[in-house]
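Here's the structure, in structure tokens; my notes come after.
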Amino acid sequence: QVQLVESGGGLVQAGDSLRLSCVVSGRTSSRYVMGWFRQAPGLEREFVSWIVWSSGITAYADDVKGRFTISKDNAENTVYLQMNSLKPEDTAVYYCAAMAGVWGRVSRTEYDYWGQGTQVTVSS
């Protein structure tokens, strides 16, 4: 079992930045992919970014590319999502997820473990 705990959400204004954290614990190994997803009210949960734990290879959804950065800290077993130039349309609950493997996926159904989510609200 893998446990994921997100933190760092909040209420900010358009143009501001936030950094989300996801602490990973439990039965972990380097052969995991960590993903960030988000879900706005009434919408499907959508892919934001993933990072391969062993290689550091990353991928982003088109609408966050250039604004968001995913990273990891091996010593702290933590994955981060740095979000800059936030827009009102970024408002959502953000979820950290994990899947076994060495290459990421954008489909939420591929991920086996999920955190509880952290709310991000961006006002205009």
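One-based numbering along the sequence shown.
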Checklist line | Stepwise side chain to side chain contact (heavy atoms under 4.5 Å, CB included) test for V79 and W36 | finding: CA-CA 9 Å; V79 176; W36 285 99; 3.6 Å; yes

Next item on the list: Please lay out, stage by stage, how V33 and W53 fare under the test side chain to side chain contact (heavy atoms under 4.5 Å, CB included).
Entry: CA-CA 6 Å; V33 175; W53 197 274; over 6 Å; no

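Taking hydrophobic clusters as Ile, Leu, Val, Met, Phe, Trp and Tyr residues chained together by side-chain heavy-atom distances below 4.5 Å, Y80 does not share a cluster with L86. Placement of V120 and F68 within a single hydrophobic cluster is found when ILVMFWY residues are connected by side-chain heavy-atom separations under 4.5 Å, directly or transitively. Hydrophobic clustering, with ILVMFWY side chains joined whenever heavy atoms are under 4.5 angstrom apart, groups I70 together with Y32. Using a 4.5 Å cut-off between side-chain heavy atoms of Ile, Leu, Val, Met, Phe, Trp and Tyr, with links allowed through other members, V106 and V52 fall into the same hydrophobic cluster.
Between F47 and Y60, the shortest heavy-atom contact is CE2-C, 3.7 Å. Annotation for C96 and M34: closest pair SG-CE, 3.7 Å, computed over non-hydrogen atoms. Taking every heavy atom of both residues into account, S49 and A59 meet most closely at OG-O, 2.9 Å.
Side chain of T91 to backbone of V122: a donor-acceptor contact under 3.5 angstrom is found. Under a 3.5 Å cut-off, the side chain of K72 and the backbone N or O of T78 do not form any donor-acceptor pair. In terms of modelled atom types and a separation under 3.5 Å, the side chain of Q116 and the main chain of V5 share no donor-acceptor contact.
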Which atom pairs, one a donor and one an acceptor, fall under 3.5 Å between side chains of residues 7-25 and the rest of the protein, sequence neighbours left out?
| from | atom 1 | to | atom 2 | distance (Å) |
| --- | --- | --- | --- | --- |
| D16 | OD2 | Q13 | N | 3.1 |
| S17 | OG | N84 | OD1 | 2.9 |

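Of the inter-residue distances, the one linking N77 atom CG with Q3 atom CD reads 11.5 Å to the nearest 0.5 angstrom. Remark: D63 CG to K65 NZ distance equals 10.0 Å, nearest 0.5 Å. Separation of atoms OG1 (T118) and OH (Y94) is listed at 10.5 Å; rounding is to 0.5 Å. Between atom CD1 of residue I51 and atom CD1 of residue I57 there is a gap of 9.5 Å, rounded to the nearest 0.5 Å.
Within the structure, ring-ring contact (aromatic ring centres under 6.0 Å, His included) contacts touching residues 100-124 (residues at least two apart or in different chains) are F37-Y111, F37-W114, W50-W103. A salt bridge (Lys or Arg N to Asp or Glu O under 4.0 Å) check over residues 40-50, counting only residues at least two apart or in different chains, returns the pairs R38-E46, E44-R108.
One side chain, Q119 or T121, offers a donor N or O that lies under 3.5 Å from an acceptor on the other.
The pair D90-R67 counts as a salt bridge, with a side-chain nitrogen and a carboxylate oxygen less than 4.0 angstrom apart.
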